[in-house]
Amino acid sequence: LAYAATEDHDRDKDIARLANHARVPVNVVDNLELSGFITPAIVDRDPVTVAIGTEGTAPILARHIKAHLEESLSPALGPLARLAQGFRHAAEAIPFGRARRNFWRDFFFHAGPRRLPNEGQEALHDILKTHLNTNAPTGYVSFVGAGPGDPELLTLKARKALDRADVVIHDRLVTSEILELARREAILIDVGKTGFGPSTPQEQINALNVEHALKGAHVVRLKGGDCTVFGRLDEEIDALEAHAIPYHIVPGITAASASIATIGQSLTKRGRNTSVKLMTGYDMKGYADQDWRTLAQEGEVAAIYMGAKSARYIQGRLLMNGANPAMPITLVENASRADQNIFVTTLADLPATLDSQTSGGAVLTLLGIAPRHSADLYQTLDTKEYA
Ligand code: SAH
């Protein structure tokens with residue numbers, strides 16, 4: 001093999017010519033045209049090697065991926081891989097499936113890299129022993145807020161949960177980009193609910209959580225936004241508690257936070273509103289009753305979830321309680337997603353704007369607030385560019 005890396009274009013060219021003449025494969029650094037072969041970038045955790053190749057099209061991309069992998073793969077991974085061979089046989093005493101997978105995950109990615117550098121091989125035997133002593137895995141449920149749709153608005157905890165899930169039970173509001181982050185072997189169950197009433201009855205969702213957890217699975221119950229906001233979380237928790245199934249809650253970014261952020265405003269502001277209401281226009285009993293008199297006052301801010309179909313009712317109640325028809329209202333459709341839309345309107349025009357402008361996505365109604373600057377500005381801002 002010949003490598004030409006003199007940093008002198010003409011000399012490199014000569015070398016390439018000589019090599020070609022002698023029928024020796026040649027690589028001219030950073031010169032795809034003159035190269036007969038290219039070498040991928042590598043991340044070296046000997047004996048583990050990760051090679052990154054872009055066929056010479058984008059060396060900068062390869063460098064980025066390499067930097068990312070260097071960061072995420074512990075330097076202990078090499079030694080651990082070498083030692084793993086000696087543990088293969090012993091690990092077979094751990095039941096096949098999730099339990100054994102857990103051991104190896106711990107070995108390579110968690111306890112292993114943490115303990116090996118200081119405690120040496122003894123630590124690895126210790127890890128094995130712990131896993132051998134664990135009885136059949138008990139299932140549990142992680143209630144995870146998936147945020148408003150942009151996968152970058154997931155919490156690290158949410159990502160980790162998805163990474164470990166055996167079963168992911170998700171709502172319609174959860175985007176496919178987020179579902180793609182689930183562990184490849186995870187079973188995905190769509191219990192999508194449409195605007196009015198669930199398409200999968202709540203009892204059935206409760207039963208699914210229970211059924212899979214009792215089988216020993218780590219169930220991720222993935223809900224749009226934050227699972228504690230209009231998520232019928234308590235009903236699902238009740239069902240788990242009835243079977244003594246452990247659970248925990250991972251908060252997410254709720255639609256109100258995502259929507260207000262896209263229009264450069266605050267949910268609360270000194271001198272304007274010292275409280276903010278998260279409300280729904282519709283509940284199990286029908287139209288939801290609210291303290292309309294307070295909401296009708298100037299300076300009040302409220303985020304209305306599932307408000308599209310009850311807009312006329314909300315408008316009527318507010319006007320009846322003395323609200324100004326010119327009260328500013330901002331509608332944010334599909335907040336944080338690629339197809340996000342912002343509509344600026346007033347109380348008087350709310351139903352008309354909803355009917356004529358929105359296109360059937362998830363809409364959050366921000367009552368009493370307009371974008372800080374023109375809506376057009378926020379419409380065209382791509383926040384990811386600044387991330
Ligand atoms: N738990 C969710 C809310 C579920 S109720 C959360 O915390 O965001 C469903 C309602 O949430 C929708 O009708 C809509 O009003 C709102 N919503 C959810 N995601 C949204 C998004 N990306 N953009 C705008 N509104 C959204």
Side-chain angles (χ1 to χ4, degrees), residues 142-155 157-158 169-179 190-200 202 205 220-237 249-263 265 267 276-284 287-288 290 301-311 313-314 329-345 350-351 353-355 357-367 369 371 375 378-379 383-384:
S142 306
F143 290 101
V144 176
D150 178 353
E152 293 198 18
L153 291 179
L154 276 174
T155 62
K157 262 214 166 107
I169 302 177
H170 65 91
D171 290 344
R172 185 182 55 97
L173 278 174
V174 178
T175 54
S176 54
E177 291 126 290
I178 288 175
L179 292 174
D190 182 355
V191 291
K193 297 182 187 183
T194 44
F196 263 49
S199 59
T200 305
Q202 187 62 46
I205 300 176
V220 167
R221 176 69 180 99
L222 196 59
K223 290 167 180 277
D226 184 295
C227 27
T228 73
V229 179
F230 302 121
R232 299 187 71 174
L233 175 65
D234 302 73
E235 293 162 61
E236 295 183 32
I237 289 179
I249 302 170
V250 179
I253 293 183
T254 189
S257 303
S259 301
I260 201 87
T262 63
I263 59 165
Q265 286 285 19
L267 281 174
V276 63
K277 192 152 198 170
L278 305 185
M279 57 185 263
T280 178
Y282 194 85
D283 67 13
M284 270 151 71
Y287 290 128
Q290 306 287 351
V301 174
I304 308 178
Y305 290 73
M306 300 172 281
K309 296 227 168 73
S310 49
Y313 164 76
I314 290 166
I329 291 181
T330 308
L331 304 171
V332 184
E333 183 173 26
N334 298 326
S336 88
R337 303 184 188 197
D339 52 358
Q340 170 180 293
N341 270 312
I342 301 167
F343 305 103
V344 182
T345 185
L350 173 64
T353 311
L354 271 166
D355 287 346
Q357 310 252 21
T358 57
S359 45
V363 176
L364 191 91
T365 307
L366 290 166
L367 213 65
I369 205 146
Y378 298 107
Q379 190 65 10
T383 50
K384 284 199 194 83

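Remember, it's 1-based here, ligands and their atoms both numbered in the order they're listed.
Counting heavy atoms from C-beta on, the side chains of T365 and L350 come closer than 4.5 Å. Contact of the L366 side chain with the I329 side chain is not registered, since no non-hydrogen atoms from C-beta on lie closer than 4.5 Å.
Sorted by chain and number, the heavy-atom contacts of ligand 1 below 4.0 Å come from P148, L173, G224, G225, D226, V229, F230, T254, A255, Y305, M306, V332, N334, A335, R337, A362, V363, L364.
The existence of a salt bridge linking R337 and E177 is excluded, since no basic side-chain nitrogen approaches an acidic carboxylate oxygen closer than 4.0 Å.
For the residue pair E333 and Q357, no side-chain donor N or O sits within less than 3.5 Å of a side-chain acceptor on the partner.
Shown here is K157, whose NZ atom has no more than 12 heavy atoms of other residues, nucleotides or ligands within 6.0 Å.
Legend: residues meeting side chain to side chain donor-acceptor pair (under 3.5 Å) with T254, ordered by chain and number and at least two apart, are Y305.
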